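Right, one structure below, let's go through it.
Treat the numbers as computed from the prediction; the structure is a model and nothing was measured.
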Amino acid sequence: MSKIRSKDNKPEDLVRKYLFSKGFRYRKNVRKLPGCPDIVLPKYNTVIFVNGCFWHKHDCPRFVWPSSNQDYWIPKITRNVERDITNHDLLRLQGWNVIVVWECELKKSVREKRLERLINEIISNQHGISG
């Protein structure tokens, strides 16, 4: 557990390096915005959250409720999900486009396709097209 980082972790790093290589410039972990988004692209009015499947209860095989200490884990993860929804709503009310990239979408077999789709989501938002 002590090795788990809340920011500057490997999935975030993968997304950031990809965006930078494609010419996107961003800010990291902007604390003034709700939820402290992992990546903020002011030019595109877009924020990106790179979420771990376990910590944010993604509907994929990587998320499994822990079998021990459930009195701790169930409320903890439920609060995380509720907080995510609230923060995303607040950001949208402020005019931000909110994109979530899940840890499982960054596995080698599907990474390139997801990152290309991410670029399209960012660009289509700039032109007023919802994707």
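- By the criterion of side-chain heavy atoms lying less than 4.5 angstrom apart, applied directly or through intervening Ile, Leu, Val, Met, Phe, Trp or Tyr residues, V15 is grouped together with I123 in one hydrophobic cluster.
- Clustering ILVMFWY residues whenever any of their side-chain heavy atoms sit less than 4.5 angstrom apart, transitively, puts V98 in a cluster other than the one holding I48.
- Here the straight-line distance linking atom CD of E121 with atom CG of N97 works out to 7.5 Å at 0.5 Å rounding.
- For P66 against W73, the heavy-atom pair with the smallest separation is CG-CG, 3.6 Å.
- To the nearest 0.5 Å, atoms CH2 (W55) and NZ (K76) are separated by 6.0 Å.
- Placement of L90 and I85 in two distinct hydrophobic clusters is found when ILVMFWY residues are connected by side-chain heavy-atom separations under 4.5 Å, directly or transitively.
- If you chain together hydrophobic residues whose side chains sit under 4.5 Å apart, L41 and V50 fall into the same group.
- In this structure, CD1 in I99 is found 5.0 Å from CD1 in I122, a value given to the nearest 0.5 Å.
- The 12-atom threshold is exceeded at CG of N69, counting heavy atoms of other residues, nucleotides or ligands nearer than 6.0 Å.
- Remark: the backbone N or O of E12 is not paired with any side-chain donor or acceptor of D38 at under 3.5 angstrom.
- Residues satisfying the side-chain contact (heavy atoms from CB on, under 4.5 Å) criterion with K22, sequence neighbours excluded, are Y18, F24, I119.
- Between C104 and V110, the shortest heavy-atom contact is O-CG2, 3.7 Å.
- Surrounding CZ of R27 are at most 12 heavy atoms belonging to other residues, nucleotides or ligands under 6.0 Å away.
- By the salt bridge (Lys or Arg N to Asp or Glu O under 4.0 Å) test, R117 pairs with E105, sequence neighbours left out.
- For N45 (side chain) and G95 (main-chain N/O), a donor-acceptor pair under 3.5 Å exists by modelled atom type.
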Intermediate values then yes/no, side-chain contact (heavy atoms from CB on, under 4.5 Å), L14 and L115: CA-CA 9 Å; L14 282 168; L115 293 173; 5.7 Å; no
side-chain contact (heavy atoms from CB on, under 4.5 Å) for N80 and K57? Distances and angles first, verdict last. CA-CA 8 Å; N80 288 351; K57 196 178 175 228; over 6 Å; no
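- Under a hydrophobic-cluster definition in which Ile, Leu, Val, Met, Phe, Trp and Tyr are linked whenever side-chain heavy atoms come within less than 4.5 Å, directly or via other members, V100 and F63 are assigned to different clusters.
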K10 and E103: salt bridge (Lys or Arg N to Asp or Glu O under 4.0 Å), yes or no, with the steps? CA-CA 9 Å; K10 188 175 178 183; E103 176 186 16; over 6 Å; no
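- Listed by first then second residue, pairs satisfying ring-ring contact (aromatic ring centres under 6.0 Å, His included) with a partner in residues 80-103 read F49-H88, H58-W102, not counting sequence neighbours.
- In this structure, CZ on R92 lies 11.0 Å from CG on N87, to the nearest 0.5 angstrom.
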Evaluate the side-chain contact (heavy atoms from CB on, under 4.5 Å) criterion for residues N51 and D84: first the C-alpha distance (whole Å), next the side-chain angles of each, then the deciding distance (0.1 Å), finally the verdict. CA-CA 10 Å; N51 285 352; D84 288 344; 4.1 Å; yes
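- Distance alone, capped at 3.5 Å, places no donor-acceptor pair between the R25 side chain and the K43 backbone.
- Looking only at side-chain heavy atoms (C-beta outward), L19 and L118 come within less than 4.5 Å of each other.
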